[in-house]
Structures are given as C-alpha cells and as structure tokens.
Amino acid sequence: MAHRPDAAAPLLAKPDADATPPPPPKRNKYPFFCAVLASMTSVLMGYNVAVTSGAQIFMAEDLGVSDAQIEVLSGVINIYSLVGALLAGWTSDRLGRRLTIVLANAFFLVGPLAMALARGYALLMVGRFVAGVGVGYALVIAPVYAAEIAPPSSRGLLTSLPEIFINTGVMLSYVSNLAFSGLPVHLSWRVMFAAGVVPTVFLAAGVLTMPESPRWLAMKGRVAEAKAVLDRTSDTPAEAEQRLLEIQDVVTNSSSGVGGGGAWKEVATKAGVRRVLAMVLTLQFFQQASGIDSVVLYGPRVLAMAGVTSNTLLLSLNVLFGVAKAGSILVAMALADRVGRRPLLLVSTGGMTAALLVLGSLFAAFAGAKDDAAVAAVSVAAVVAFVVAFSVGLGPLAWVYSSEILPLRLRGQGAGLGTAMNRIMSGVVTMTFISLYQGITMAGAFYLYAAIAAASFVFVYACLPETRGRSLEDMEELFHTK
C-alpha cells in the first residue's frame, strides 16, 4: 500500500510558506510631545535674540542710540549667554533637566520686561544681560533633554526640534517688528520686546508636567523612575529594557561620577574624549563664524545697501528670511534619521559657500547701486539661499551631532562648553559686522564668511563620521570614549 502523506502536513507547512515579516513597531509619539514642550523655550530664545533686528530702527530714533551702541546691544546677548551656557551643565546635573528649563523661562520673563520698560541705554543692557543668561540655558538644555528622552529611531528628528523652534522665534520676532512698526516710535520697539514676555509663565507650568530625563534619573540612582520613563518613551518594551541596560552600563563605568572633576580629567588622559570635545567645539565654531547671525540681526541693513529703500519692504523681506529659515529646518528634521547627518552637513556647508560667494560678488560688482531692482532681487535670492542652506544642515545638526557624541558623564558640561563656543563666535560676528563691512566693504565681509563656510565643508568631510541610527551609548564605542 502506498504511503499516504499526513493530512495535517500541508496545514502545518502552509503558514510557513505564507508567513510575512511582522510589521515594524509603531513609533512612540509621547517622546515627541515631551521634546516639543521642552523645545518651546527655544522660541523665546530666538525671539529675544532677533527682535532687535527691526527694533533697532525705532530705538535709534526714540533714544538716540548710535550705530556703535546698536552693534553692541545686538551682539552682546550672545556674550552674556556664556553665563547661562557655562552654568547650565552644572545646574542640569544637580537640579535636573526639567527644572533647568523652568529656570530658563524665568530669565526670559525678567529680561525682556526690563528692556520694554527701559528709559535709557544702561537699563537696556541690564535687560539684555538677563535675557542673555536665559539664552545660554535654553541653548544647552533643550537639545540635551530632547536627545536623552528620544529613542534612537527618532533622535535626529527630536534633537532638531530646538533649532526649528529657535527659528520659529526668530520668524515671530520679524513678524512682531513688522506688525508693531506702525505704532508711535516711543511705543513700537517697547511692544516688540514686551510681546515675548507673555508665553513664559504658561511654558514653565507646562514643562513641569513632562517627565525628567531617564539618563539624569539613572545618574542619581533613581533607576525605577528611569525605567518608568523609558517604558513611556520607547517604541517597544524590549527597547526600554535595552536602553536602561545601556544607560546603567555607562553610569556604572563612569569612574569618577557624573559631572565631577573625574570626567574632565579624562579630557587630559583619553584621546577619544579629547577628539569628541574638539569636534563639538569646532562644529559650533563653524556654525556661527560663517556669518548666519549677521543676516539674522542685520538683514534690513544688508538689503538697504543692496538697493532696497522702503522700511516696510525691508521688514517684510526680513519676515521672508525668517519663514525660509524656519521652514527649511523641517527638511533637516525629515531627513536627519533617513539620509544621515553627514550628507546633510556636506550639502549645507557647500550651499552656504556658494550663496555667500554670489552675495559677495554682487556687492563687489554693483557697490553703491541705488534703486536697481535686479541687483536687489538677486541679493534677496542669495540671502534666502544662504539661510536655507544653513537651515537644512549646519544650523540644526550642529546641535544634534554635539548632543549625541558627548559621553553621558560629560554631556551636560560638554554641551555647555560647546554652547559657550557657539555664543562667543555669534557675539564676535554680530558685534563686529558693522565695523567689518565698513573696514573691508560689504563684499569683503561676505567673501570672508564664504571662506569660513568652505573650511567647514572640509572639516565635515574629513573629520565627522556618520552617527545615524546609533544609540547614545553606542557612540562611546564609535568614538573610543568608553
């Protein structure tokens, strides 16, 4: 009798034949909402830095401040922010990331209010100092919190959020400049500053509802709380377990405790740690030395020298720059976790170099041209191209890259040091721009920025490896900082 196959066999084999791979886990949206809330402080930061761009026109008329005083007032907020940047690492390691964000909001309440009520240059400088401290805190803590709350699958997106919100704040300051420009001169610039005060209390209250960073909780020995946060912010339970194990491994192997002198001792003794810190400092140097804040704070002045004569048109074009700058960061956010950090940085620095060369050449060829619509139009296009190129790469990804490559035990203070470099260069650029173009011409100033942008392209190409998709703890293997 012929062997009869087991009737059940086809039924057992069929599922294997028709099996499809399980769908990828649904991406967790909770860390996105946490990162958005934390990053909203960056809106206030961007607003306070850039609001002088249009306000300076009316301040000069109302208070009689000179070009030299405007130059200092516009740029000195970046120097003042060093205080906040250098304190933010210490504060966030002791009070936590969340309370540090609340503290930043408090500075953004007091500083702009003092400026809105100022009757002279001295009180303007006091208000600018207080707001500057808040800028330093916001620059450090928002990307650190976003990086530490985010799962690896969306860390590039979430760590880009502070930059998009900074530029949203810049754009809103330009809108404020335009909207309040029709008020009496003695009121217009005061209302521009005061408008930034209102949201701070609501933001501070909202921040208190979000969870603390799981990495900070683990650093403080509060492992159960860290696990609870990771369960809420990971894509899967298995990922939460893995992230906790990685964090605990790094905390356990930090020989001298987090944020203490032992971490800084490693800078002197470990080549990998020195290399990472040098990368952070160099990246932050190039982000600002290539001249972006000259456009952010002096856009109307640049375009006036390119032939645009109407104040209303100048402020309207400033809004256009703000929209282009903020909107372009959405591209970086969408692509950072897909194509990687390195390709975006290369495209960005290359595009910035080209746009700055065009802008410098326009000023060289058509210096002194008045009411030349073609020259003005091409100048506007070149400035838009520059801010777009900056915002799709170097703008947001300098913060992303800096936040993710620093080892945990050095992250708070290392990010503070990188931010200090960023603010020093921003202050140098903005406090010297008027003197620079008066000394070497506007064309010379933009050619200088183009040379620096070209050097940043070489640095990215030669020195920065790709970090897309790696866990924060895995960075220690990649950069030999373990």
Side-chain angles (χ1 to χ4, degrees), residues 49-57 59-60 65-82 121 125 128 132 170 282 284-308 314 317-318 321 325 349 352-370 375-376 378-380 382-387 389-390 394-395 398 420-457 459:
V49 168
V51 70
T52 57
S53 177
Q56 61 183 264
I57 299 171
M59 291 165 64
V65 292
S66 65
D67 268 0
Q69 289 175 316
I70 287 292
E71 192 175 45
V72 172
L73 190 66
S74 296
V76 77
I77 191 171
N78 299 301
I79 304 301
Y80 290 154
S81 70
L82 291 174
Y121 191 72
M125 289 294 284
R128 205 67 169 154
V170 170
T282 306
Q284 297 291 356
F285 168 86
F286 279 129
Q287 194 212 49
Q288 290 298 326
S290 50
I292 186 63
D293 278 356
S294 292
V295 173
V296 169
L297 291 179
Y298 298 106
R301 187 178 291 252
V302 171
L303 294 182
M305 295 188 68
V308 181
L314 287 173
L317 289 171
N318 230 20
F321 297 157
K325 195 168 184 290
T349 51
M352 289 165 59
T353 304
L356 288 166
L357 286 173
V358 170
L359 198 55
S361 299
L362 283 170
F363 279 107
F366 302 101
K370 294 293 181 184
V375 173
V378 177
S379 299
V380 170
V383 173
V384 170
F386 173 59
V387 299
F390 176 85
L394 191 59
M421 170 63 81
N422 184 284
R423 293 298 89 194
I424 287 172
M425 291 314 304
S426 179
V428 168
V429 167
T430 53
M431 292 174 70
T432 61
F433 179 68
I434 296 175
S435 303
L436 180 68
Y437 78 71
Q438 289 175 347
I440 65 172
T441 74
M442 191 69 82
F446 284 112
Y447 281 143
L448 175 61
Y449 294 149
I452 295 171
S456 69
F457 177 92
F459 168 70

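Since this is a predicted model, take the numbers as computed values, not measurements. What you see below is based on every heavy atom in this structure, not just the backbone, and it leaves out hydrogens, waters and symmetry mates.
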Novice: How close do Ile440 and Ala445 get, counting heavy atoms only, and between which atoms?
Specialist: CD1-N, 3.7 Å

Novice: Contact between Phe446 and Val358 at the side-chain level, heavy atoms closer than 4.5 Å - yes or no?
Specialist: no

Novice: Using 0.5 Å steps for rounding, measure from the CZ atom of Phe386 to the OG atom of Ser290.
Specialist: 5.0 Å

Novice: So, taking the atom named CD in Gln287 and the one named CE in Met352, what distance separates them when rounded to the nearest 0.5 Å?
Specialist: 8.5 Å

Novice: Quick one: CG on Leu82 to CD1 on Ile77, what's the gap to the nearest 0.5 Å?
Specialist: 12.0 Å

Novice: Can you name the closest pair of heavy atoms from Ser74 and Leu297 and give their distance?
Specialist: O-CD1, 3.6 Å

Novice: Please enumerate all residues that pass ring-ring contact (aromatic ring centres under 6.0 Å, His included) together with Phe433, with sequence neighbours excluded.
Specialist: Tyr298, Tyr437

Novice: Between Gln56 and Ile70 (side chain of the first, backbone of the second, donor and acceptor by atom type, cut-off under 3.5 Å), is there such a pair?
Specialist: no

Novice: When you compare the side chain of Val383 with that of Leu359, does any pair of heavy atoms fall below 4.5 Å?
Specialist: yes

Novice: Once rounded to the nearest 0.5 Å, what's the spacing between atom CG of Leu314 and atom CZ of Arg301?
Specialist: 11.0 Å

Novice: Please list all pairs passing the salt bridge (charged side-chain N to carboxylate O under 4.0 Å, His left out) test where one or both residues lie in residues 432-456, with sequence neighbours left out.
Specialist: none

Novice: Could you walk me through whether Thr441 and Tyr447 pass the side chain to side chain contact (heavy atoms under 4.5 Å, CB included) check?
Specialist: CA-CA 10 Å; Thr441 74; Tyr447 281 143; over 6 Å; no

Novice: Is the side chain of Ser81 donor-acceptor paired with the backbone N or O of Asn78 at a distance under 3.5 Å, no angle test?
Specialist: yes

Novice: Is there a side-chain contact between Gln288 and Asp293 (heavy atoms, below 4.5 Å)?
Specialist: yes

Novice: Using ring-ring contact (aromatic ring centres under 6.0 Å, His included) as the criterion, list what pairs up with Phe321, not counting sequence neighbours.
Specialist: none

Novice: Of all the heavy-atom pairs spanning Glu71 and Met431, show the shortest one and how long it is.
Specialist: CD-O, 3.1 Å

Novice: What pair of heavy atoms forms the shortest contact from Arg128 to Val49, and how long is it?
Specialist: NH2-O, 3.3 Å

Novice: I need the Leu73 CG to Thr430 OG1 distance, nearest 0.5 Å.
Specialist: 10.5 Å

Novice: Flag the pair Val296 / Lys325 as yes when at least one side-chain heavy-atom distance between them is below 4.5 Å, and no otherwise.
Specialist: yes

Novice: Kindly write out the residues that satisfy ring-ring contact (aromatic ring centres under 6.0 Å, His included) with Phe285, not counting sequence neighbours, or none if the list is empty.
Specialist: none

Novice: Of all residues at least two apart in sequence or in a different chain, which pass the side-chain contact (heavy atoms from CB on, under 4.5 Å) check with Ser53?
Specialist: Tyr174, Asn177, Pro300, Asn318

Novice: Run the side chain to side chain donor-acceptor pair (under 3.5 Å) test against Tyr449 and tell me which residues pass, sequence neighbours left out.
Specialist: Ser294

Novice: Quick one: does any side-chain atom of Gln69 pair with a main-chain N or O of Tyr121 as donor and acceptor, under 3.5 Å?
Specialist: no

Novice: Does any part of the side chain of Ile452, heavy atoms only, come nearer than 4.5 Å to the side chain of Met425, both counted from C-beta?
Specialist: no

Novice: With a 4.5 Å cut-off on side-chain heavy atoms, are Arg423 and Gln284 touching?
Specialist: no

Novice: Over all heavy atoms of both residues, which pair between Val429 and Gly291 is shortest? Give the atoms and the distance, please.
Specialist: CG1-CA, 4.2 Å

Novice: Drop me the distance from Ile434's CD1 to Asp67's CG, to the nearest 0.5 angstrom.
Specialist: 5.0 Å

